[in-house]
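Structure, as structure tokens:
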Amino acid sequence: MHRFLKQMLFFSFVVLKLSAQTFPVGQFELDGSVRNLQLMGRITNTQSFTVRPIYNSSNDSFFYLIDSSSKIGFKKIRLKDGKNGLTILPLNWTSKFNSHHPYGWNDEIMIAAKGYQTNLSTGVHLKLGPLSAQFQPSYFYAANPNFENNYYYGEETNGSQSKLTLGQSSLRINAGPFSLGISNENLWWGPGQYSALLLSNNAPGFKHITFNSTRPIKTPIGHFEFQIIGGRLEEDTLQTNGLYENFFLKSKSFKKDWRYMNGMVISFQPVFLKGFFIGATRSFQLYGEDFDLQDPSFMQKYIPVLSALFKNKTVNEDAKARDQQLSIFARWLLDKAHSEFYFEYGYNDHKANLRDFALAPVHASAYIVGAKKLIPIPKNEWVELNFELTQMAQNNDYLVRNAGNWYIHGLISQGLTNQRQILGAGSGMGNNVQTFSAAWIYGFKKLGIKLQRIQQDPRGFRGDFSSLALTNNPWNDFSIGLFGRWNYRKWMASVDIQQVSSKNYAWSVGNSKSNFYGLLNIGYIW
């Protein structure tokens with residue numbers, strides 16, 4: 001059956017050359033700007049922004065809502081009925097540079113590398129009745145020179161890389177608030193602004209079948225949003241950039257095999273709690289060669305996310321050779337105060353039973369908490385304040401029961417990754433991150449400052465889980481930077497520059513390094 005799934009994925013992506021319109025996750029941070037419109041009280045508070053990408057009947061309305069004076073409008077070729085036709089998608093050119101070592105995340109196909117890299121994309125969107133098709137490929141190039149490394153971090157690179165990918169392409173059949181299709185788009189699950197525990201736009205998009213809502217579904221008890229996927233994760237053997245320690249690369253258990261991933265997210269806003277959203281995510285992954293170890297029933301084999309939460313409710317769970325991640329989350333929107341608060345709490349291990357959960361509730365856990373506040377100032381301008389804390393290092397429970405680093409747990413050596421890049425929080429496995437930013441906003445335009453601190457694996461579980469050198473020589477990154485976004489006629493541009501100071505770089509005592517990070521995104525609306 002898995003061969004059939006593989007063939008269907010391949011066939012459907014060939015068909016994409018003929019062809020659903022979503023707004024790409026993180027592109028010019030426009031989905032974040034639409035999220036701000038909720039805090040400003042200018043759009044409905046039924047959208048959770050925890051299941052992305054977000055959908056809209058016309059992307060032009062995004063720009064109008066954010067900046068009513070904007071002259072931007074996508075070029076469309078309409079059919080006679082006025083509802084169907086072809087839309088020319090923007091040309092996007094993104095460039096990234098690191099002067100000393102890899103830094104930065106949430107950049108899709110770009111890799112963790114020193115030096116210069118670039119990504120170029122454009123495409124078309126076709127709508128014909130219930131059928132929507134988006135073909136938006138990406139071309140990527142990275143110089144990828146060698147950088148300073150040691151036993152614990154990095155190794156020699158394979159030199160420059162270039163590739164052409166499907167990018168943010170998809171093919172869908174839509175009916176009311178429901179959509180069924182095949183996609184290569186990046187997904188973001190959860191309320192985080194800078195990181196997500198399971199899925200974000202940190203790694204390249206992967207081929208997946210999706211069944212999801214395209215807008216909040218109204219019911220007598222509240223609004224629901226959801227997505228369930230089954231996809232294929234790849235192993236990119238060209239990437240040797242420090243995501244994996246030498247221990248994993250040399251381990252006999254390391255397989256260069258593709259992996260099947262089944263994931264689900266659901267978000268619910270109770271009818272009696274306007275602006276409050278609660279939800280959950282869950283994923284399973286296993287190597288392609290281990291499909292034969294799975295229960296022969298279709299549900300257990302291809303949609304295990306719908307199975308019981310505890311191991312004792314599933315027959316021979318340990319023999320199925322699969323890893324699980326799950327999380328719960330909430331977002332509280334206070335539109336009259338122009339504020340929001342949110343959290344996501346996740347587990348990287350399958351609890352045996354309710355007793356196991358009660359005795360070790362923090363075992364193999366990680367969490368994200370954050371808040372945003374908008375302050376109105378004269379002339380329709382705003383001040384935006386953001387704070388987010390991502391905590392993925394093990395807590396003190398590891399002294400009794402070691403869980404290893406977040407994302408890697410026992411059976412899947414790659415962890416929750418695609419092409420050796422983390423699918424969730426891209427700062428690194430076992431890392432803690434604190435981020436604060438303040439910005440001025442006027443329509444599309446935005447200028448701000450960002451402060452960030454990264455504790456690189458402070459518990460010291462890199463690979464063999466036994467090195468005290470890492471805890472004795474803590475590697476911390478401190479960065480300060482400026483970011484901005486501007487538009488002029490049909491042009492859009494955003495920039496993010498940071499000066500990063502690394503103390504005990506690569507867990508080497510006294511080895512302090514400085515790194516310049518820059519990201520430039522330029523877009524043109526045809």
Side-chain angles (χ1 to χ4, degrees), residues 96-107 111-115 144-157 194-195 197 202 239-250 348 366-368 388-396 398-399 402-408 415 417 420-422 424-436 450-481 498-518:
K96 176 180 174 179
F97 177 79
N98 277 299
S99 64
H100 181 264
H101 61 268
Y103 190 84
W105 59 93
N106 295 347
D107 46 23
I111 63 176
K114 175 185 174 180
N144 197 29
N146 287 316
F147 59 91
E148 183 179 340
N149 63 84
N150 59 18
Y151 172 80
Y152 299 107
Y153 178 73
E155 57 185 318
E156 297 299 306
T157 71
Y194 298 102
S195 294
L197 290 183
N202 180 65
Q239 294 213 31
T240 53
N241 52 37
L243 174 59
Y244 295 107
E245 299 75 21
N246 293 337
F247 173 84
F248 278 130
L249 292 172
K250 296 176 181 178
N348 193 39
Y367 63 86
I368 296 172
E388 185 170 289
L389 168 68
T390 301
Q391 196 84 2
M392 295 186 291
Q394 288 202 70
N395 50 59
N396 291 334
Y398 83 93
L399 296 171
N402 177 35
N405 273 336
W406 180 254
Y407 295 121
I408 294 180
T417 63
R420 297 198 180 180
Q421 296 194 60
I422 297 171
S427 63
M429 296 180 181
N431 288 2
N432 297 332
V433 186
Q434 302 91 44
T435 304
F436 172 79
K450 180 165 64 176
L451 306 174
Q452 200 162 57
R453 174 177 179 253
I454 303 177
Q455 295 174 283
Q456 300 277 355
D457 194 10
R459 289 296 187 191
F461 292 102
R462 303 288 285 186
D464 57 6
F465 314 124
S466 63
S467 174
L468 293 177
L470 278 65
T471 55
N472 292 336
N473 306 320
W475 171 12
N476 293 322
D477 289 333
F478 302 89
S479 74
I480 181 170
Q498 298 181 51
Q499 184 62 42
V500 186
S501 298
S502 298
K503 181 181 179 181
N504 295 336
Y505 170 76
W507 300 280
S508 179
V509 63
N511 188 21
S512 295
K513 299 296 180 181
S514 179
N515 180 57
F516 173 80
Y517 163 85

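Numbers for residues simply follow the sequence, beginning at 1.
With S427 as the fixed residue, the side chain to side chain contact (heavy atoms under 4.5 Å, CB included) test singles out one of I422, V433, N432: V433.
Remark: side-chain polar atoms of N149 are paired, donor with acceptor, to backbone N or O of F147 under 3.5 angstrom. In this structure, N515 contributes its side chain and Y103 its backbone to no donor-acceptor pair below 3.5 Å. In terms of modelled atom types and a separation under 3.5 Å, the side chain of N146 and the main chain of T157 share a donor-acceptor contact.
The nearest pair of heavy atoms linking P145 to K114 is CD-O, 3.1 Å. Summarising the geometry of N504 relative to G510, their closest heavy-atom pair is OD1-N, 2.8 Å, with the distance given to 0.1 Å. When all heavy atoms are compared, the tightest approach of S479 to Q498 is OG-OE1, 2.9 Å. For the residue pair A506 and N150, the shortest heavy atom distance occurs at O-ND2, 2.8 Å. Closest approach of S514 and S99 over heavy atoms only: O-OG, 4.3 Å. Between W105 and S195 the shortest heavy-atom distance is NE1-OG, 3.8 Å.
With rounding to the nearest 0.5 Å, the separation of CD in Q456 from NZ in K503 is 14.5 Å. Separating the CZ atom in F436 from the CG atom in L451 is a distance of 7.0 Å, to the nearest 0.5 Å. How far CZ of R453 is from CG of L389: 10.0 Å, rounded to the nearest 0.5 Å.
Between Y153 and H101, the gap from one ring centroid to the other reaches at least 6.0 Å.
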task = Walk me through it: do N202 and N106 pass the test side chain to side chain contact (heavy atoms under 4.5 Å, CB included)?
result = CA-CA 4 Å; N202 180 65; N106 295 347; 3.8 Å; yes

L197 and W406: CA distance, side-chain angles, deciding distance, side chain to side chain contact (heavy atoms under 4.5 Å, CB included) verdict = CA-CA 9 Å; L197 290 183; W406 180 254; 4.1 Å; yes

Residues D457, M429; criterion side chain to side chain contact (heavy atoms under 4.5 Å, CB included); working and verdict = CA-CA 7 Å; D457 194 10; M429 296 180 181; over 6 Å; no

request  = Apply the test side chain to side chain contact (heavy atoms under 4.5 Å, CB included) to residues M392 and N348: give CA-CA distance (whole Å), side-chain angles for both, the deciding distance (0.1 Å), then the verdict.
outcome  = CA-CA 10 Å; M392 295 186 291; N348 193 39; over 6 Å; no

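Between W475 and D477, the side chains place a donor N or O and an acceptor N or O closer than 3.5 Å (distance only, hydrogens not considered).
Residues H100 and S502 are not in side-chain contact: their nearest non-hydrogen atoms beyond the backbone lie 4.5 Å or more apart. Taking 4.5 Å as the limit, some side-chain heavy atom of Q421 sits within range of a side-chain heavy atom of I111.
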